[in-house]
Amino acid sequence: MVTAHTRAHAYAAGVGSRRGVTADEVLDLVGRTLAEAEATAATDATDDTDSTAGAPLAALATVAAKAGEPGIVAAAARLGVPLLAYDATALAERPVPHPSEAARRATGAGGVAEAAALLAAGPGAVLVVPKRKSARATCAVARGVGTV
C-alpha cells in the first residue's frame, strides 16, 4: 500500500477503469470531474480560507492492479502528477458512498475511484465529487483538509 498523501487543500482524483481504457478517455473524465469540483468549491466557499477553487491536482490514484494500465499511467504523466496505487484491502477498508458490485467482483473492494481519491487526499479527506463514469472509466475527486 502507498502511504503518500496529497498536499493539504489539494485535490486527489481517484480512477478506476476497464482494461484498455485510453489516456484520452481518462483525461477527459478527470477534467470534467475536476471542473465539477471547481464549480462546487466556488459555490460553497464562505471565505478565502475555506475555498479550494483553483486548488491543484496533486495526484491520480487507483487500485494496485490497475497501476500498470497504460491509459492511466499515460494520463498521470500528461497531467504531471504522481500515480498512487493502493491495494484492494486498503480500498475495501475505506467506506464509500457509492459502492459497486462490479468493482467488488473485479478487485475485492466495493469501490476504486472514491476510495482511492479519499486515501490519496489523506486523513480527514472530504469527497468533493462522488464517482462519475465514462464508457470505460470512473473518477472521483477528494481534497485534503489538513496538514498531510
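Excluded from the calculations below are hydrogen atoms, water molecules and symmetry mates; all remaining heavy atoms, backbone and side chain alike, are included.
- Judged as a side chain to side chain contact (heavy atoms under 4.5 Å, CB included), and not counting sequence neighbours, the contacts of Arg132 are Leu29, Thr33, Glu36, Val129, Pro130.
- In plain terms, the two heavy atoms of Ala12 and Ala121 that are nearest each other are CB-N, 3.9 Å.
- In this structure, the side chains of Leu91 and Leu119 come closer than 4.5 Å at one or more pairs of heavy atoms.
- In plain terms, the two heavy atoms of Ala67 and Val73 that are nearest each other are O-CG2, 3.1 Å.
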> How far apart are the C-alpha atoms of Leu27 and Leu79, what are their side-chain angles, what is the distance that settles it, and do they pass the side chain to side chain contact (heavy atoms under 4.5 Å, CB included) test?
Replying inline: CA-CA 8 Å; Leu27 289 167; Leu79 289 165; 3.6 Å; yes
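- For the pair Tyr86/Arg94, no side-chain contact is recorded, criterion being any heavy-atom separation below 4.5 Å from C-beta on.
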> Passes side chain to side chain contact (heavy atoms under 4.5 Å, CB included), Lys66 versus Val112? Steps please.
Replying inline: CA-CA 10 Å; Lys66 294 290 181 179; Val112 172; over 6 Å; no
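- Qualifying side chain to side chain contact (heavy atoms under 4.5 Å, CB included) partners for Ala64, counting only residues two or more places apart in sequence or in other chains: Ala85.
- In this structure, Ala58 and Pro82 approach most closely via the heavy-atom pair O-CD, 3.2 Å.
- For the pair Ser17 (side chain) and Arg136 (backbone), a donor-acceptor distance under 3.5 Å is absent.
- Considering every non-hydrogen atom in both Leu84 and Ala120, the closest pair reads CD1-CB, 3.8 Å.
- Side-chain heavy atoms closer than 4.5 Å link hydrophobic residues (I, L, V, M, F, W, Y) into clusters, and following such links, even through other members, never connects Leu60 to Val96.
- Across Pro95 and Leu118, no two heavy atoms sit closer than the pair O-CD1, 4.2 Å.
- The two atoms that bring Ala75 and Ala23 nearest to each other are N-CB, 4.0 Å, heavy atoms only.
- In this model, a donor atom of one side chain and an acceptor atom of the other lie less than 3.5 Å apart for Ser134 and Glu25.
- Remark: Ala113 engages Thr138, Ala140 in a side chain to side chain contact (heavy atoms under 4.5 Å, CB included) (not counting sequence neighbours).
- Judged by distance alone, the side chain of Glu114 and the main-chain N or O of Lys131 form a donor-acceptor pair under 3.5 Å.
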